[in-house]
S.K.: 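My structure is below; once you've seen it, I'll send some questions.
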Amino acid sequence: MAAQLDDQTRAIITACVPALEAHGLDITREMYARLLADPAISALFNRSHQKNGEQPTALALAVLTYARHINDLSGLTGMIERIAEKHVGLNILPEHYPHVGTALLGAIKHVLGDAATPDIMQAWANGYQFLADVLINRESQLYKANEEAPGGWTGWRAFTITNRTVESEKVTSFELTPVDGKPVLRHKPGQYLSFNITVPGQGAQRRNYSISSAPNGTSYRISVSRAPHGLVSNWLHDHAAQGTQLLVSAPAGSFTLPDATTAPAVLLSAGVGLTPFVSMLDTAATQGSAAPALQYIHGTHSAQTEAFGPHIRALAEKGLVKADVFYTHGSTQHATPAPHATGIQVHNGRICPTWVRENTPADAVYYVCGPEGFMQDMISGLKATGVPENRIKHEVFGPATTLEDTLNAA
């Protein structure tokens with residue numbers, strides 16, 4: 001159990017909020033420059049997020065959110081859980097935390113200069129250690145659960161690519177089977193796998209990919225979109241053939257349907273954001289009448305970029321899901337379902353939050369996954385139509401922070 005913060009520490013951190021609003025990004029940039037100077041620590045990070053500025057920005061927002069909520073941390077439960085899940089997937093260990101703390105405190109002193117008084121530095125040392133203890137405790141629970149679950153494991157486990165399937169002109173699926181031939185942990189639909197992939201000439205790279213298959217106890221499937229300048233995604237598409245071995249950590253993530261729910265769920269995606277929803281849909285198809293009512297709404301450029309299109313249509317024909325697909329470019333003439341296909345509609349244009357609200361159940365819970373701009377538009381738009389925040393769930397590709405932080409800071 002983490003020791004509680006004293007009143008003086010909380011008061012000083014609260015007083016630092018204006019400085020964080022003005023200089024938070026400078027602090028996190030300096031912090032990452034210090035961390036990445038250590039090869040043993042830099043290997044833990046997705047370096048593409050450093051190049052495009054996502055990681056420092058995400059951390060700056062997270063630190064600011066922490067400071068704003070320091071007197072009532074109950075509002076940070078979701079953020080802490082997401083960070084802990086990401087850390088477990090990436091095999092972050094207690095011994096890594098002192099390195100981060102040293103870099104953060106050094107960055108605060110460097111950026112704020114004389115304004116970083118001894119009292120301020122001590123308060124932030126206390127605040128960081130408190131948060132580190134909370135995360136370490138939660139991560140310990142998650143590691144233990146993974147180790148004790150049937151088919152579970154901790155650390156990196158070797159898997160072999162046993163099959164490749166081209167799903168669209170951009171997306172390819174990879175089926176993964178453990179090298180040791182033993183069972184695998186049955187993931188919760190919506191979870192992701194973390195990978196430690198060595199790209200020739202680029203060193204070890206850490207990435208997360210959603211699982212796109214229903215749990216079966218023997219294998220997993222990921223479906224990867226070829227991203228412009230995507231170091232790992234392009235390597236997977238171009239070089240990861242059948243027989244290639246990859247290092248994988250146990251399934252992680254809290255972007256899942258509740259174990260027991262009666263509320264209808266709307267699965268709202270764009271691009272490769274559909275991957276966790278394919279896992280959810282395939283799982284529901286095996287549950288019959290016990291499955292929650294699911295509605296699938298997906299946006300993509302065209303029929304050529306629509307991954308899993310025939311599969312979704314087959315589920316819709318069987319009445320297992322109601323589906324709407326939006327093409328932002330081109331015609332629907334090659335993708336409109338046959339007259340006997342029920343439960344699916346194909347549209348031209350972009351998904352509009354108002355349309356979503358008007359064409360989904362009044363008591364629906366919305367699950368949103370896709371590019372950041374799409375998620376910002378959908379979450380803001382749904383809130384504007386009156387959907388309560390607690391009925392909007394989302395998954396983020398990228399650094400472990402909350403999209404709400406970005407929305408609230410805008």
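Throughout, residue positions are numbered sequentially from 1 according to the sequence presented. Only heavy atoms go into these numbers, but all of them, side chains included; no hydrogens, no water, no symmetry mates.
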S.K.: Looking only at heavy atoms, what is the nearest atom pair of A364 and V266, with distance?
M.R.: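 That would be CB-CG2, 3.7 Å.
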
S.K.: Passes ring pair (Phe, Tyr, Trp, His ring centres under 6.0 Å), W153 versus F159? Steps please.
M.R.: CA-CA 13 Å; W153 72 96; F159 279 70; 5.6 Å; yes

S.K.: Looking at I161, T162, V166, which one forms a side chain to side chain contact (heavy atoms under 4.5 Å, CB included) with R164?
M.R.: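 With R164 as partner, side chain to side chain contact (heavy atoms under 4.5 Å, CB included) holds for just one option, I161.
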
S.K.: I need the L104 CG to Y97 OH distance, nearest 0.5 Å.
M.R.: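 Answer for the CG-OH pair, L104 versus Y97, is 13.0 Å.
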
S.K.: Let me see the working for D324 and H298 under side chain to side chain donor-acceptor pair (under 3.5 Å), right down to the final yes or no.
M.R.: CA-CA 6 Å; D324 289 270; H298 179 64; over 6 Å; no

S.K.: Which atom names give the shortest non-hydrogen contact between S173 and F308, and what distance separates them?
M.R.: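 The pair with the smallest heavy-atom distance is OG-CZ, 3.6 Å.
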
S.K.: Using only heavy-atom distances, determine whether the side chains of T305 and T300 contain a donor-acceptor pair under 3.5 Å.
M.R.: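 Yes, T300 and T305 have a side-chain donor paired with an acceptor closer than 3.5 Å.
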
S.K.: Using 0.5 Å steps for rounding, measure from the CG atom of L281 to the OG1 atom of T283.
M.R.: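 The distance works out to 8.5 Å.
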
S.K.: Is there a donor in the side chain of T9 and an acceptor in the side chain of D6, or the other way round, less than 3.5 Å apart?
M.R.: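 Side-chain D/A pair, T9 to D6: present.
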
S.K.: Locate the shortest heavy-atom distance separating C16 from W124; write the atom from each residue and the value.
M.R.: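 Where C16 meets W124 most closely, the heavy atoms are SG-NE1, 3.5 Å.
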
S.K.: So, Y366 and T360: side-chain donor and acceptor under 3.5 Å apart, yes or no?
M.R.: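 Side chains of Y366 and T360: pair found under 3.5 Å.
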
S.K.: Test salt bridge (charged side-chain N to carboxylate O under 4.0 Å, His left out) on R350 and D377 and set out the steps.
M.R.: CA-CA 11 Å; R350 297 185 179 276; D377 290 345; over 6 Å; no

S.K.: Measuring from E175:CD to S219:OG, what's the distance to the nearest 0.5 Å?
M.R.: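 These two atoms lie 4.5 Å from each other.
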
S.K.: Looking only at heavy atoms, what is the nearest atom pair of I297 and F326, with distance?
M.R.: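 Nearest heavy atoms, I297 then F326: CG2-CE1, 4.0 Å.
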
S.K.: Could K86 and Y192 be counted as a cation-pi pair, given that NZ or CZ must be under 6.0 Å from the ring centre and within 45° of the axis?
M.R.: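 Geometry flag: set, cation within 6.0 Å and 45°.
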
S.K.: Looking only at side chains, do Y143 and H87 share a donor and an acceptor under 3.5 Å apart?
M.R.: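 Per modelled atom types, Y143 and H87 side chains form no pair under 3.5 Å.
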
S.K.: Does the pair D363 and R391 meet the rule for a salt bridge (charged side-chain N to carboxylate O under 4.0 Å, His left out), with working shown?
M.R.: CA-CA 9 Å; D363 59 342; R391 288 204 280 118; over 6 Å; no

S.K.: Identify the heavy atoms of E139 and I92 that sit nearest to each other, and give their distance.
M.R.: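 In this case the closest contact between E139 and I92 is OE1-O, 4.2 Å.
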
S.K.: Checking side-chain polar atoms at under 3.5 Å, does T154 have a donor or acceptor matched by the opposite partner on N146?
M.R.: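 Short answer, no.
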
S.K.: So that I know where these two stand, are H301 and Y327 an aromatic pair - ring centroids less than 6.0 Å apart?
M.R.: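 So the answer is no for these two rings.
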
S.K.: With no hydrogens and no angle check, do the side chains of S212 and R221 hold a donor and an acceptor under 3.5 Å apart?
M.R.: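 Short answer, yes.
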
S.K.: Is it the case that Q129 and D133 place a side-chain donor and acceptor less than 3.5 Å from each other?
M.R.: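 Per modelled atom types, Q129 and D133 side chains form a pair under 3.5 Å.
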
S.K.: For E306, is there an ion pair with R313 - N to carboxylate O distance below 4.0 angstrom?
M.R.: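 A salt bridge links R313 with E306.
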
S.K.: Less than 4.5 Å apart, side chain to side chain, heavy atoms only: is that true for L231 and W235?
M.R.: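 They are not in contact (no side-chain heavy atoms under 4.5 Å apart), so the answer is no.
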
S.K.: Between H311 and D282, is there a side-chain donor-acceptor contact under 3.5 Å, judged purely by atom types and distance?
M.R.: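 Yes - a donor-acceptor pair under 3.5 Å links their side chains.
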
S.K.: Start with the C-alpha gap between L274 and Y296, add the side-chain angles, then the distance that decides, and say whether side chain to side chain contact (heavy atoms under 4.5 Å, CB included) holds.
M.R.: CA-CA 9 Å; L274 58 81; Y296 172 84; 3.8 Å; yes

S.K.: Any idea which heavy atoms bring E30 and V111 closest together, and the distance?
M.R.: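 Scanning both residues completely, I find the closest heavy atoms to be CB-CG2, 4.3 Å.
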
S.K.: Do E395 and Y367 meet the criterion of a side-chain donor-acceptor pair at a distance under 3.5 Å?
M.R.: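 Short answer, no.
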
